[in-house]
S.K.: 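Dropping a structure here in structure tokens format, bear with me for questions.
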Number of protein chains: 2
Amino acid sequence: MKKIEQCDNVVIHEEIVKKVEEQMKDEEELLSLADLYKVFADSSRIKILWALSVSELCVCDLAVVVKMTQSAVSHQLRVLKQAKLVKSRRDGKVVYYSLDDDHVHQIIALGLEHVLEK
Amino acid sequence: MKKIEQCDNVVIHEEIVKKVEEQMKDEEELLSLADLYKVFADSSRIKILWALSVSELCVCDLAVVVKMTQSAVSHQLRVLKQAKLVKSRRDGKVVYYSLDDDHVHQIIALGLEHVLEK
DNA sequence: TGAACATATGAACAACTATTCATATGTTTA
DNA sequence: TAAACATATGAATAGTTGTTCATATGTTCA
């Protein structure tokens, strides 16, 4: 009747585990953080965001710049808008998109720093 | 013989498109940026990174803290290591993981800022 | 040397997601 | 009002990825 428990059930360094558990963030908070990064985790969307960080653009021009179909761009803009990373304004037939927030640019810049360094 | 070209082929604002195209980053660079964010785009990995930002941990303790199986943690650590976000050192049977870089903490902090604000 | 243990890994499966294609919506203008 | 055009969207498909299960690797210690 010995404890044959595997690693999964046994803590090796009790003190440290306790300390880390205390400082652990809420499940929910880390989940929405992951969701935020999911949006950045696609090169099409990154291209779109980068382009928009240069200038406001309409969907049509955006499609040209990032070399995607209008439909694909539109689908992705929807995702970006839901994540509150871009906003849009309509002027007649044309809809213009731009970054919603300065964080977007910061996040991209910080990421590039890491990428270029490694 | 009119130009019936669709949006996909026609540029609406020539000046702006030219300007944005000039400032567009390399395909490759934006691709590795997206790849970097892919690593952050999963709540299991975010949990692991957050835990490691508190303290160096062995795989076993990490599994306890983030409530995952040892195998799942190990698979994810592999991903994190390949992305150079964590490093490891071995001490006997036990392998300790820690953040490889201060960028990791910065990126998480910046993301949280955005998440909490919106 | 062999048993016990911490970690790593390959294969398989399930879940998710980006694009395409077809078409709908909404706006302008002839 | 009808045609032309910019954008949006639903369904289907193909590709990607995280977890599990089983097992392998590497280390210590009796």
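Note on naming: letters A, B, ... go to the chains in the order of the sequence lines (proteins, then strands), and numbering restarts at 1 for each one.
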S.K.: Is any side-chain nitrogen or oxygen of B:Tyr97 closer than 4.0 Å to OP1 or OP2 of C:dA6?
M.R.: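 For C:dA6, neither OP1 nor OP2 has a side-chain N or O of B:Tyr97 closer than 4.0 Å.
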S.K.: For the pair made of NZ in B:Lys93 and C1' in C:dA6, what is the distance, rounded to whole Å?
M.R.: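 For the pair B:Lys93 NZ and C:dA6 C1', the rounded distance is 7 Å.
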S.K.: Going by heavy atoms in the side chains, are A:Val20 and A:Ile16 under 4.5 Å from each other?
M.R.: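 Yes; the side chains approach each other to less than 4.5 Å.
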S.K.: Any side-chain N or O of A:Arg78 below 4.0 angstrom from OP1/OP2 of D:dT9?
M.R.: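 Checking D:dT9 against A:Arg78, a side-chain N or O does come within under 4.0 Å of OP1 or OP2.
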S.K.: Fit a plane to each ring of A:Phe40 and B:Tyr37, take the angle between them on a 0 to 90° scale, and name the class: parallel (under 30°), tilted (30 to 60°) or perpendicular (over 60°).
M.R.: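 Judged by the thresholds at 30° and 60°, the geometry between A:Phe40 and B:Tyr37 is tilted.
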S.K.: Is it the case that atom CD in A:Glu117 sees more than 12 heavy atoms from other parts of the structure closer than 6.0 Å?
M.R.: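 Result for CD/A:Glu117: enclosed.
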S.K.: Is there a side-chain contact between A:Asp101 and A:Leu85, using heavy atoms and a 4.5 Å cut-off?
M.R.: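 They are not in contact (no side-chain heavy atoms under 4.5 Å apart), so the answer is no.
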S.K.: Could you check whether atom CD of A:Gln82 has more than 12 heavy atoms from other residues, nucleotides or ligands sitting under 6.0 Å from it?
M.R.: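 Yes, the 6.0 Å shell around CD holds more than 12 heavy atoms from other groups.
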S.K.: Starting at CD of A:Gln70 and ending at C1' of D:dA8, how long is that distance when rounded to a whole Å?
M.R.: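 After rounding, the reported distance stands at 7 Å.
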S.K.: Would you say B:Ser88 and B:Lys81 are linked by a side-chain donor-acceptor pair, where the criterion is simply a distance under 3.5 Å?
M.R.: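 B:Ser88 and B:Lys81 do have a side-chain donor-acceptor pair below 3.5 Å.
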S.K.: What is the separation between atom CZ on B:Arg89 and atom C1' on C:dA6, rounded to the nearest whole Å?
M.R.: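 These atoms are roughly 14 Å apart.
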S.K.: Scan nucleotides 12-21 of chain D nucleotide by nucleotide, 5' to 3', and note B when protein non-hydrogen atoms come under 4.0 Å of the base, S if they reach only the sugar-phosphate, - if neither.
M.R.: -----SSSBB
S.K.: Over how many whole Å does the gap from A:Ile48 atom CD1 to D:dA8 atom P extend?
M.R.: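 Atom-to-atom, A:Ile48 to D:dA8, this comes out as 11 Å.
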